[in-house]
Amino acid sequence: MILRTTSFIISLLYYSSLNAQVTSGSVDSPVAEFKIDSTIELSRFKKDNEYVSNYGARPHFYINDPEKKFLNCKQVTYVGVVFSYMKLVSERDLPKAGIIKEKYLPVVAYNINHYENMPKYRYNFFKGKETIDSMDLSVTSYKAVDAESWVTIQDYKIEPGKIPAIIRHLQFPQKEGIGAIFVLETCSKTDGAVSGYWVILDFADRKTLLMDYIIYSKVHVQSDAILSGWPGYWVAAIHSAGVYEPVSFQKYLELEKKGQFEMISN
């Protein structure tokens with residue numbers, strides 16, 4: 001009798017939550033506090049074939065680096081994958097949002113931001129530049145997600161114009177130099193996709209120098225056969241999305257060095 005009653009209460013709470021999301025027409029956003037920079041628009045650049053083959057043909061790139069700090073720097077600090085502003089889009093996981101956050105999300109954040117994963121990728125990040133790791137901020141970033149609202153059934157997006165404000169809000173220990181970070185946007189079981197923003201920043205003023213938006217929509221193909229269980233599925237999915245391979249930044253450096261970098265609007 002107790003089990004039946006408990007089950008009924010859980011089901012009632014679940015469907016109440018589900019109905020509230022559907023009827024409200026909005027998602028409780030972890031980036032609501034950040035103002036949008038309306039001047040930021042995503043574009044593409046010519047000779048963009050590698051990005052297109054991985055993520056599709058869409059505007060995705062932004063640059064505001066007139067002094068070419070990223071191009072000319074000798075060292076880049078990789079800060080890791082930040083989970084603070086993400087949403088999990090999954091109807092199945094909606095009634096277990098709090099449990100997943102406490103039990104499984106830390107495992108994903110740790111594995112994705114684990115130092116042992118970096119040596120085999122470090123030298124391929126930005127050829128000709130030394131890449132060092134400083135991922136302590138990202139390892140614990142999952143703690144910032146709201147235990148109740150971080151799982152949703154609705155579409156969730158972070159506007160590109162909010163990324164500079166997010167970067168300024170993050171508390172980096174570094175006071176100077178150039179950094180690279182991946183701001184995770186969604187893990188969508190509904191769409192079989194992972195999305196987020198690669199960002200190059202200047203630690204001195206926390207200015208966003210370059211930005212690259214990715215939507216990796218081949219999660220089912222890449223992760224179902226690799227690892228089992230909730231953590232394993234999303235570790236493989238986020239990994240496959242390219243959080244260790246900033247293809248657009250690599251291509252930008254290649255083209256800029258040749259004097260062939262050129263932006264196009266679509």
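Side-chain atoms are counted along with the backbone in the values below, which use heavy atoms only and exclude waters and symmetry mates.
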By salt bridge (Lys or Arg N to Asp or Glu O under 4.0 Å), D93 pairs with (sequence neighbours left out) K96
Working for side chain to side chain contact (heavy atoms under 4.5 Å, CB included), residues T140 and K143: CA-CA 6 Å; T140 58; K143 294 180 179 180; 4.3 Å; yes
Give every residue pair that meets the salt bridge (Lys or Arg N to Asp or Glu O under 4.0 Å) criterion with at least one member in residues 45-61, sequence neighbours excluded. R44-D48, K46-E262
Is it the case that atom CZ in F45 sees more than 12 heavy atoms from other parts of the structure closer than 6.0 Å? yes
In this structure, are over 12 heavy atoms from other groups packed under 6.0 Å from K103 atom NZ? no
Taking atom CD of E33 as the centre, does the number of heavy atoms from other residues, nucleotides or ligands within less than 6.0 Å exceed 12? yes
How would you list all residue pairs meeting salt bridge (Lys or Arg N to Asp or Glu O under 4.0 Å) that involve residues 190-216, not counting sequence neighbours? K69-D202
For W198 and Y78, take the angle between the two ring planes, folded into 0 to 90°, and tell me which bin it lands in: parallel under 30, tilted 30 to 60, perpendicular over 60. tilted
Polar side-chain atom of D65 near backbone of F70 as donor-acceptor pair, under 3.5 Å: yes
Which class fits the ring pair Y51 and H60: parallel under 30°, tilted 30 to 60°, perpendicular over 60°? parallel
Which pairs with one or both residues in residues 161-185 pass side-chain hydrogen bond (donor to acceptor under 3.5 Å, both in side chains), sequence neighbours excluded? Y85-H169, S134-Q174, E185-S195, E185-Y213
Could I get the full list of side-chain hydrogen bond (donor to acceptor under 3.5 Å, both in side chains) partners for K251, not counting sequence neighbours? E254
Under the salt bridge (Lys or Arg N to Asp or Glu O under 4.0 Å) test, residues paired with K157 that sit two or more places apart: none
